[in-house]
2 protein chains.
Amino acid sequence: MGGEIEVFRSFISKKGLRNTPEREEIIAEIFSDHNHFDVDELYQCLKARGSKISKASIYRNIPLIIECGLIRDAWFEDRHMHYERIYGRGHHCHLRCIRCGKVVEFVDNQLKDIETRVALENDFHVIDHRLDITGYCSKCKTME
Amino acid sequence: MGGEIEVFRSFISKKGLRNTPEREEIIAEIFSDHNHFDVDELYQCLKARGSKISKASIYRNIPLIIECGLIRDAWFEDRHMHYERIYGRGHHCHLRCIRCGKVVEFVDNQLKDIETRVALENDFHVIDHRLDITGYCSKCKTME
DNA sequence: CTCCTATTGCAATTCAATTTCAATAATAAT
DNA sequence: ATTATTATTGAAATTGAATTGCAATAGGAG
Ligand SMILES: [Mn+2]
Ligand SMILES: [Mn+2]
Ligand SMILES: [Zn+2]
Ligand SMILES: [Zn+2]
C-alpha cells in the first residue's frame, strides 16, 4: 500500500497549491483504515489521534482529494454525503441494506457493456457510473 | 394520466390518515407537469397557481408520496434531493451531464439480470436499484 | 352535530456544508 | 538566510435544505 501521498503531493504542486501537514494528515487517515467514510467520522478519528485539524479544512480539502482521484462520492444517506477510497482499488458498486445499513461491494463486468452501449445510443461521453442496489441483507430479510 | 389521486387517497385512508386539499394539490401538481423535480420547484409552481401551501407541508408529505409508490428519490445534486414520478412509468435510469445538467432517461433490460445475479450471490432481497451514468452530453463534450 | 386528533402554516430549530477573516506558514525570490 | 507573496488554516459566522414545536384548523368517524 502506498503511493497516495505522492499522488496527492504532485497533484497539489501541479496545481500551484501548497502541501501542508493538515492535508497529509487527512490523506494518511483516509488510507489508514477508512474504506467508506463521512466527514464527521474522519474528523473524530483525526481528533482521537491528537490532530488539531478543523472540520472546515476537511470540507475544504475533500473536493481536491476527489479531483486527484484518491476518493469519490459514494452515496448520500442520513442527510450527508459518504465517500470512499478509490485509489488502488478497482471500480465496484454497492448493495446497501435499508434496514441495518450494511454495505456489500460487488464487481460486475456486464455493467461496462451497458455503460458503453447506453453512452453510444445517447451520444454521451461517460465519466463515471454509480449503481446502487438497495434492499435487505441476509440477516435483515428474515426479520421483515 | 389518471389514477394517481385515487392511489394516494386509498393509501392515506388505509393508513388511518386524512385526505386534505393540500395533499391533493401536491399530487395534482406533480402529475400535471413534473417529471423530475425538487421541493422548491414544486413550491414555486404551486404558489404561482395560487396555492397557499407551505413548504413544510410539502416536506412532510413527500415521504408519504414515496411510500405509496407515486414518486421516488432520483438524485442528490446542488445540496438537495431531486425526485421523480414513477407511477404509470416503467423503471428507468439516468444519464446526467455534469456540465449542463441535462438528464436523459434510458431503459436497459440487462440491468435486471445483473441485479438478480448480484442479489443471489450476496443473499440480498432487492427492493430497488439506481444506476446513474455521469459524463458529458453531446453538446457539452465538444466544448470541453 | 360533536368529538378526537391528524394536519396545517408559521416560526424556530437543526445540522451539513460553506464562507469570512485575521493569523499563520508554504514556497519562491532575493 | 531573509524577505515577500499569498495559499491555507482554525474559529466563528453564515447559508440553506430539511425538520420540528406549537397553536389553530379541519377531516372524518360516530
Ligand atoms: Mn465501496
Ligand atoms: Mn427519470
Ligand atoms: Zn441488514
Ligand atoms: Zn451537457
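To find a chain, count down the sequence lines: A is the first, B the second, and so on, and within it residues start at 1.
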Crowding at NZ, B:Lys55 (>12 non-hydrogen neighbours, <6.0 Å): yes
Residues clustering with B:Ile127 (ILVMFWY side chains joined when closer than 4.5 Å, directly or via others): A:Ile98, A:Tyr136
Residues in contact with DNA chain C, drawn from residues 41-64 of chain B - heavy-atom cutoff 4.0 Å: B:Lys52, B:Ile53, B:Ser54, B:Ala56, B:Ser57, B:Arg60, B:Asn61
N/O donor-acceptor pair under 3.5 Å between A:Asp38 side chain and A:Asp40 backbone: yes
Cluster check A:Leu95, A:Ile86: I/L/V/M/F/W/Y, side chain < 4.5 angstrom: no
Salt bridge (charged side-chain N to carboxylate O under 4.0 Å, His left out) assessment of A:Asp132 paired with A:Arg130: CA-CA 6 Å; A:Asp132 253 48; A:Arg130 207 171 257 82; over 6 Å; no
Flag, side chain of B:Ser10 to backbone of B:Glu6, donor-acceptor distance under 3.5 Å: yes
Check: A:Arg96 and A:Lys102 side chains under 4.5 Å, non-hydrogen atoms: no
B:Trp75 and B:His94 aromatic ring geometry - parallel, tilted or perpendicular at 30°/60° bounds: perpendicular
Global bending angle along the helix from C:dC1-D:dG30 to C:dT30-D:dA1, which compares the axes of five pairs at either end, to 10 degrees: 40°
Beyond-backbone contact of A:Leu42 with A:Glu29, side-chain heavy atoms, under 4.5 angstrom: yes
Any donor-acceptor N/O pair, B:Ser57 side chain to B:Ile53 backbone, under 3.5 Å: no
Contact residues, residues 65-78 of chain B to DNA chain D [heavy atom, < 4.0 Å]: none
Distance-only side-chain donor-acceptor flag, B:Asn61 / B:Glu22, under 3.5 Å: no
Donor-acceptor under 3.5 Å (A:Thr116 side chain, A:Lys112 main chain): yes
Ring-ring centroid check A:His34 A:His36, cutoff 6.0 Å: no
Connected via hydrophobic side-chain network under 4.5 Å: A:Phe11 and A:Ile58: yes
Where chain A begins and ends its contact with DNA chain D, read 5' to 3' at 4.0 Å from heavy atoms: D:dT5 to D:dT19
Side-chain H-bond candidate by donor/acceptor type, B:Arg49 with B:Ser32, under 3.5 Å: yes
Contact list for DNA chain C against residues 8-29 of chain A - heavy-atom distance below 4.0 Å: A:Arg18, A:Asn19, A:Pro21
